Colleague: 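Encoded as structure tokens, here's the structure I'll be asking about.
Note that the coordinates shown come from a computational prediction; the quantities given were computed from them, not determined experimentally. When a residue number appears, it is its place in the shown sequence, counting from 1.
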Amino acid sequence: MPDYDDIRYEIDGQTAVITINRPQRYNAFTAKTVEELIKAFRAAWADTAVAVIILTGAGDKAFCTGGDVKQRAETGDYGPTESGMFEIGYLHKLIRDVPKPVIAAVNGVAVGGGHVLHVLCDLSIAADTATFGQAGPRVGSFDAGFGSAYLARVVGEKRAREMWYLCRRYDAATAERWGLVNYVVPADQLMDEAKALAAEIAEKSPTALRFLKQSFNADTDHQAGLSNLAMSALEIFVDTDEAKEGAAAFTEKRPADFARFVSA
């Protein structure tokens with residue numbers, strides 16, 4: 001099994017539990033974190049003893065707060081990797097493509113790119129203390145692929161646009177009411193409930209589940225093309241003064257000044 005620095009990978013019965021383990025940064029991911037998540041999901045895919053995958057975050061404050069904006073402000077990117085690439089788009093596709101149900105156990109803040117990760121999971125179970133939202137336009141970033149188009153399939157166009165345009169936070173009860181999560185449970189019961197849900201799924205035919213997941217995905221697989229375009233655009237955008245202002249403002253804990261970038 002590979003050695004991991006930014007995540008934990010554990011097997012519990014027929015369930016693989018993947019934990020983003022950067023609580024000191026609210027489980028924000030760097031390029032290395034993404035690379036390790038990819039390795040873990042591929043390991044769970046290859047393991048014939050694994051029927052279900054749970055994705056969660058370390059600690060009780062955050063599930064994941066997306067890309068590490070402090071890292072981006074310091075170095076202009078999300079840090080080095082073995083491959084030399086920042087493969088967040090591939091991770092998104094992998095969560096969808098792995099032929100086993102993926103459950104997000106949302107233990108705290110799920111915002112920005114972290115919010116996108118839970119949305120892409122097959123099911124989401126949330127602690128009653130969890131909060132949800134998008135942050136891209138506030139910090140000079142965006143996800144114009146699965147993070148927006150697929151979100152609209154989940155909660156509807158109006159809700160998705162509200163989440164992206166306003167960058168507000170929503171509590172777990174609202175997320176459940178909107179259909180953004182399947183269940184809300186007391187925080188101290190989250191992992192027990194997530195594992196119980198995984199065990200219930202594991203009792204079912206794995207081949208039937210595989211075909212069902214692929215069938216559900218078929219309706220939105222074209223959004224992978226949008227995701228590729230979005231990631232290419234984002235790679236260019238982060239080098240602009242506008243994006244750098246968003247990252248700098250976040251790091252300096254001040255409102256961003258985007259007024260000078262408004263175009264006709």
Colleague: Should we say atom NZ of Lys204 is surrounded by more than 12 heavy atoms from elsewhere, each under 6.0 Å from it?
Modeller: yes

Colleague: Do the side chains of Met191 and Val52 join up, straight or via other hydrophobic residues, at under 4.5 Å, putting them in one cluster?
Modeller: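 Yes, Met191 and Val52 fall within the same hydrophobic cluster.
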
Colleague: First locate atom CD of Gln134, then atom OG of Ser141, and finally report the distance between them rounded to the nearest 0.5 Å.
Modeller: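 Gln134 CD to Ser141 OG: 9.5 Å, rounded to 0.5 Å.
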
Colleague: Honestly, is Arg96 close enough over Tyr150, meaning NZ or CZ under 6.0 Å from the six-membered ring centre and within 45° of the axis?
Modeller: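 Yes - Arg96 lies over the ring of Tyr150, closer than 6.0 Å to its centre and within 45° of its axis.
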
Colleague: Applying side chain to side chain contact (heavy atoms under 4.5 Å, CB included) to Asp47 and Ile11, what does each step give before you reach the verdict?
Modeller: CA-CA 10 Å; Asp47 190 341; Ile11 302 297; 4.2 Å; yes

Colleague: Are Phe132 and Tyr170 near enough that their ring centres are under 6.0 Å apart?
Modeller: no

Colleague: Examine distances only and state if a side-chain atom of Asn107 and a backbone atom of Gly57 form a donor-acceptor pair shorter than 3.5 Å.
Modeller: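 Yes; at least one donor-acceptor contact below 3.5 Å.
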
Colleague: Any Lys/Arg nitrogen of Glu200 or Lys195 sitting under 4.0 Å from an Asp/Glu carboxylate oxygen of the other?
Modeller: no

Colleague: What do the steps show when you test Val181 against His118 for side chain to side chain contact (heavy atoms under 4.5 Å, CB included), and what is the final call?
Modeller: CA-CA 9 Å; Val181 302; His118 107 81; 4.0 Å; yes

Colleague: Answer whether the closest heavy-atom distance between the side chains of Leu209 and Ile201 falls below 4.5 Å.
Modeller: yes

Colleague: About how many Å separate CD of Glu10 and CD1 of Ile54, when rounded to the nearest 0.5 Å?
Modeller: 10.5 Å

Colleague: Is the ring pair Tyr4/Tyr9 parallel, tilted or perpendicular, if the boundaries are 30 and 60 degrees?
Modeller: tilted

Colleague: Backbone N or O of Pro80 within a donor-acceptor pair of the Lys32 side chain at under 3.5 Å?
Modeller: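 Side chain of Lys32 to backbone of Pro80: no pair is present.
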
Colleague: Within the 4.5 Å heavy-atom criterion, are Ile125 and Ile103 side-chain neighbours or not?
Modeller: yes

Colleague: Can you find a heavy atom in the side chain of Glu245 that is under 4.5 Å from one in the side chain of Arg260?
Modeller: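 In short, these two side chains touch, coming nearer than 4.5 Å.
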
Colleague: Taking C-beta and beyond as the side chain, do Val238 and Lys244 meet within less than 4.5 Å on heavy atoms?
Modeller: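 Result no, sub-4.5 Å side-chain heavy-atom pair not found.
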
Colleague: Is any side-chain heavy atom of Thr56 less than 4.5 Å from a side-chain heavy atom of Ile18?
Modeller: no

Colleague: Any heavy-atom pair between the side chains of Val102 and Lys213 that's under 4.5 Å?
Modeller: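 Side-chain contact under 4.5 Å: yes.
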
Colleague: With rounding to the nearest 0.5 Å, note down the distance linking CZ in Phe29 to CD in Glu35.
Modeller: 14.0 Å

Colleague: Taking the six-membered ring for Trp, is the centroid-to-centroid distance between Trp164 and Phe142 below 6.0 Å?
Modeller: no

Colleague: Less than 4.0 angstrom from a charged side-chain N to a carboxylate O is my criterion; do Arg22 and Asp68 meet it?
Modeller: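 So Arg22 pairs with Asp68 through a salt bridge.
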
Colleague: Is there a donor-acceptor pair under 3.5 Å between the side chain of Ser205 and the backbone N or O of Ala208?
Modeller: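 Yes: the side chain of Ser205 pairs with the backbone of Ala208.
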
Colleague: Would you call Arg161 and Glu157 a salt bridge, taking side-chain N to carboxylate O under 4.0 Å as the test?
Modeller: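 Yes.
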
Colleague: Is the shortest distance from a Lys or Arg side-chain nitrogen in Asp219 or Arg153 to a carboxylate oxygen in the other one below 4.0 Å?
Modeller: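 Result for this pair is yes, salt bridge flagged.
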
Colleague: Is it possible for you to say whether Val185 and Val17 belong to one hydrophobic cluster, with membership spreading through side-chain heavy-atom contacts below 4.5 Å?
Modeller: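 Linked, Val185 and Val17 end up in one cluster.
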
Colleague: Supply the atom-to-atom distance Arg168 CZ to Thr131 OG1, rounded to the nearest 0.5 angstrom.
Modeller: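 The distance works out to 15.0 Å.
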
Colleague: With side chains defined as the heavy atoms from C-beta onward, is the minimum distance between Trp45 and Asp97 less than 4.5 Å?
Modeller: yes

Colleague: Taking Phe258's backbone N and O only, do any of them form a donor-acceptor pair with Glu242's side chain (distance below 3.5 Å, no angle check)?
Modeller: no

Colleague: Is it true that a side-chain atom of Thr19 and a backbone atom of Asn21 form a donor plus acceptor pair closer than 3.5 Å?
Modeller: no

Colleague: Please check this pair: side chain of Asp143 against backbone of Ser148, looking for a donor-acceptor N/O pair closer than 3.5 Å.
Modeller: no

Colleague: Are Trp178 and Tyr165 connected, step by step, through hydrophobic side chains (Ile, Leu, Val, Met, Phe, Trp, Tyr) whose heavy atoms are closer than 4.5 Å?
Modeller: yes

Colleague: I'd like to know if the side chain of Thr174 pairs up with that of Asp171 as donor and acceptor (distance under 3.5 Å, no hydrogens or angles considered).
Modeller: yes

Colleague: Under a 4.0 Å threshold between the charged nitrogen and the carboxylate oxygen, would Lys39 count as salt-bridged to Glu82?
Modeller: yes

Colleague: Taking the side chain as every heavy atom from C-beta outward, state whether His92 and Leu117 have any pair of such atoms under 4.5 Å apart.
Modeller: yes

Colleague: Roughly how far, to the nearest 0.5 Å, is CG of Asn228 from CD of Gln223?
Modeller: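 Result: 12.0 Å between the selected atoms.
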
Colleague: Working to the nearest 0.5 angstrom, can you tell me the gap between Ile20 CD1 and Asp6 CG?
Modeller: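 One finds 9.5 Å between CD1 of Ile20 and CG of Asp6.
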
Colleague: For Met163 and Leu180, run side chain to side chain contact (heavy atoms under 4.5 Å, CB included): C-alpha distance rounded to whole Å, both residues' side-chain angles, the deciding distance at 0.1 Å, then the answer.
Modeller: CA-CA 12 Å; Met163 293 185 78; Leu180 189 59; 4.1 Å; yes

Colleague: Does CZ in Phe261 sit with more than 12 non-hydrogen atoms of other residues, nucleotides or ligands closer than 6.0 Å?
Modeller: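 More than 12 heavy atoms, drawn from other residues, nucleotides or ligands, come within 6.0 Å of this atom.
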
